[in-house]
Amino acid sequence: MATKKEKTEAAKTSPTVGLVSLGCPKALVDSERILTQLRAEGYQFSPEYDGADVVIVNTCGFLDSAKAESLDAIGEALAENGKVIVTGCMGAKPEDITKIHPKVLSVTGPHQYEAVVEAVHAAAPPVHDKFVDLVPKQKDDGIGIKLTPRHYAYLKISEGCNNRCSFCIIPSLRGDLVSRPVIQVLAEAERLVRGGVKELLVISQDTSAYGVDTKYQPYPWKNRKVRTKFIDLARELGELGAWVRLHYVYPYPHVDEVFELMNAGKVLPYIDIPFQHASPSVLKAMRRPGKQEKTLERIRDWRKACPDLTIRSTFIVGFPGETEEDFQILLDWMEEAQLDRVGCFKYEAVTGAKANELENAVPEEVKEERFDSFMTLQQKISAAKLQKKIGKTLPVIIDEMGSEGYTGRTQGDAPEIDGCVYVTGSGLKQGDIVQVKITQADEYDLFGEAT
């Protein structure tokens with residue numbers, strides 16, 4: 001058995017890796033997989049640039065502003081450390097990086113885990129085999145390294161996208177849809193829940209298209225076969241005993257099937273659907289489904305099937321060609337839809353997007369005015385909805401503990417993007433799911449007492 005001195009020397013010898021992870025939860029999952037592989041090879045990790053032998057920057061390339069942020073992060077890592085490996089969406093076009101930062105060691109695109117690990121090997125070779133089993137490691141719980149709190153995790157079910165929205169360049173960065181076999185997804189989900197995860201956040205570029213590329217191929221699971229299909233996956237995840245939250249759900253007709261699972265308590269009564277707009281002409285220019293009157297009917301049907309349903313969505317204002325009439329159609333639609341959680345973005349041109357070819361760009365000051373009007377309306381809708389929750393007792397998952405109480409979320413709130421519940425009480429721990437009586441509300445958040 002190795003002595004304490006030998007273990008200390010081995011730990012000192014082990015290379016140390018720093019990481020900057022930018023962009024969406026899908027990129028965060030990529031970062032987790034990279035770090036998990038490196039940990040298995042004996043690498044250590046540092047939160048500081050100057051404590052690392054090499055730094056990985058996982059970039060976002062969805063918007064030009066995100067690209068600028070990524071380039072700034074690369075520049076900072078080069079200045080502070082000098083040895084930088086770049087990966088992620090922006091890495092799909094290496095020349096955009098190397099022409100500004102020619103000193104980076106390597107550039108790879110999204111989900112190219114092995115190439116990143118090989119680049120780390122070249123920059124900071126792993127320790128000799130005799131050291132590997134001496135290096136102190138984190139407890140192996142079978143779930144790998146997580147960059148989220150222990151009680152929730154992102155579960156990525158596919159890569160890429162088959163849609164060709166005119167404002168989006170994701171297919172050129174991440175390719176067409178590639179679904180993970182359902183047996184792999186379920187095995188990962190089961191490990192996460194067994195390891196203490198209380199909430200699974202299902203993500204992809206197009207969650208409801210899961211399995212269309214494999215023609216819903218079935219796989220053996222628990223002495224039966226399960227299809228690689230959206231509704232079948234949701235049904236199986238609902239049996240694991242954790243909260244299951246569905247993100248990035250494109251509103252295909254078959255999505256209607258999942259609301260029965262929500263009403264039965266198998267899947268959280270929460271769905272994230274990016275509607276993007278309501279004007280038929282703008283939706284046509286976006287290359288998105290354009291029958292928003294039918295969408296309103298479907299929303300009414302969803303709420304009948306699942307009365308506790310929370311609907312989250314995102315919208316874009318100031319899209320090229322958007323007129324005052326188009327914007328008013330959007331506001332009127334929002335009044336009718338009464339969505340629970342809404343995000344809004346001012347249109348931003350993205351290099352390589354088809355929308356750049358459209359005429360009648362909307363001036364920035366008009367975008368700002370429309371953004372303000374949109375958010376003012378949604379704040380009113382949100383405040384009214386949250387006021388109705390006062391006096392109710394709701395299940396809340398605790399995310400943080402502070403000196404003045406706790407911060408958590410209801411079943412209708414996703415981490416980072418939705419509202420919070422500020423909870424008074426005692427003896428609660430991170431990850432606890434507790435009953436909270438709601439006493440106050442504002443435009444976005446709730447306040448209550450643990451019962």
Side-chain angles (χ1 to χ4, degrees), residues 2 6-60 70 73-74 76-78 80-92 94 97 103-150 153-156 159 174 180 184 187-188 191-192 195-197:
E6 287 174 323
K7 291 182 179 180
T8 301
E9 291 302 314
K12 289 179 180 177
T13 307
S14 301
T16 301
V17 177
L19 173 75
V20 178
S21 190
L22 304 171
C24 65
K26 294 175 283 294
L28 191 70
V29 172
D30 292 346
S31 295
E32 290 174 340
R33 291 177 178 173
I34 291 167
L35 293 185
T36 297
Q37 177 62 36
L38 291 172
R39 182 184 70 176
E41 297 179 358
Y43 284 87
Q44 300 183 92
F45 307 109
S46 171
E48 306 294 336
Y49 290 123
D50 58 6
D53 294 294
V54 64
V55 175
I56 301 169
V57 180
N58 191 356
T59 60
C60 178
S70 294
I74 295 167
E76 181 180 342
L78 282 168
E80 297 290 334
N81 182 278
K83 297 175 71 174
V84 177
I85 293 166
V86 179
T87 188
C89 284
M90 196 173 176
I97 295 168
K103 293 184 179 181
V104 296
L105 300 178
S106 74
V107 180
T108 56
H111 52 263
Q112 293 182 4
Y113 319 122
E114 293 303 322
V116 176
V117 172
E118 288 175 8
V120 172
H121 290 169
V127 294
H128 190 274
D129 289 346
K130 72 178 181 180
F131 290 119
V132 171
D133 61 359
L134 302 179
V135 176
K137 295 183 180 179
Q138 300 176 28
K139 180 181 177 182
D140 185 5
D141 53 14
I143 64 176
I145 288 180
K146 289 174 69 271
L147 298 177
T148 56
R150 185 176 180 83
Y154 292 104
L155 182 67
K156 185 159 66 168
E159 295 284 0
R174 290 183 171 261
R180 294 178 64 197
Q184 290 183 12
E188 180 181 348
R191 286 196 302 273
L192 288 166
V197 168

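- Under the 4.5 Å side-chain criterion, counting only non-hydrogen atoms from C-beta, V197 is in contact with K146.
- Side-chain contact annotation: S31 with S21, donor-acceptor N/O pair under 3.5 Å present.
- Between the side chain of S70 and the backbone N or O of C60, at least one donor-acceptor pair lies under 3.5 Å.
- The distance from atom CG of L22 to atom CE of M90, rounded to the nearest 0.5 Å, is 10.5 Å.
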Verdict with reasoning, V117 to E41, per side chain to side chain contact (heavy atoms under 4.5 Å, CB included): CA-CA 10 Å; V117 172; E41 297 179 358; 3.8 Å; yes
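- Put simply, CD1 on I56 and CD1 on I34 are 5.5 Å apart, with the number rounded to the nearest 0.5 Å.
- Interatomic distance, CD of E48 versus OG1 of T16, reported as 12.5 Å (0.5 Å rounding).
- Shown here for T148 and A153, the closest heavy-atom pair between the two residues is OG1-CA, 4.0 Å.
- The two residues G195 and R150 come nearest to each other via the heavy atoms O-NH2, 2.6 Å.
- Looking at every heavy atom in both residues, P126 comes nearest to H121 through CD-CD2, 3.9 Å.
- Screening T108, T59, N58 for a side-chain hydrogen bond (donor to acceptor under 3.5 Å, both in side chains) with T87, the sole residue that qualifies is T108.
- Contact record, C89 with P110: CA-CD, 4.0 Å, taken as the closest heavy-atom pair.
- For Y154, there are no side chain to side chain donor-acceptor pair (under 3.5 Å) partners at least two apart in sequence or on another chain.
- With rounding to the nearest 0.5 angstrom, the CG atom of L192 is 6.5 Å from the CG atom of L155.
- Residue pairs satisfying the salt bridge (Lys or Arg N to Asp or Glu O under 4.0 Å) criterion with at least one member in residues 14-31, sequence neighbours excluded, are listed as follows: D30-K156, D30-R174.
- T36 places a side-chain N or O within donor-acceptor distance of the main-chain N or O of I145, the cut-off being under 3.5 Å.
- Two residues are said to be in side-chain contact when any heavy atoms from C-beta on lie closer than 4.5 Å; D53 and Y43 fail this criterion.
- Between the side chain of Y113 and the backbone N or O of Q37 there is no donor-acceptor pair closer than 3.5 Å.
- At least one side-chain heavy atom of V20 sits under 4.5 Å from a side-chain heavy atom of Y49.
- Taking each heavy atom of A52 and G18 in turn, the nearest pair found is CB-N, 3.5 Å.
- Between the side chains of Q184 and E188, no donor-acceptor pair is found at a separation under 3.5 Å.
- E32 pairs by the side chain to side chain donor-acceptor pair (under 3.5 Å) definition with nothing, not counting sequence neighbours.
- In plain terms, the two heavy atoms of S106 and I85 that are nearest each other are OG-CG2, 3.5 Å.
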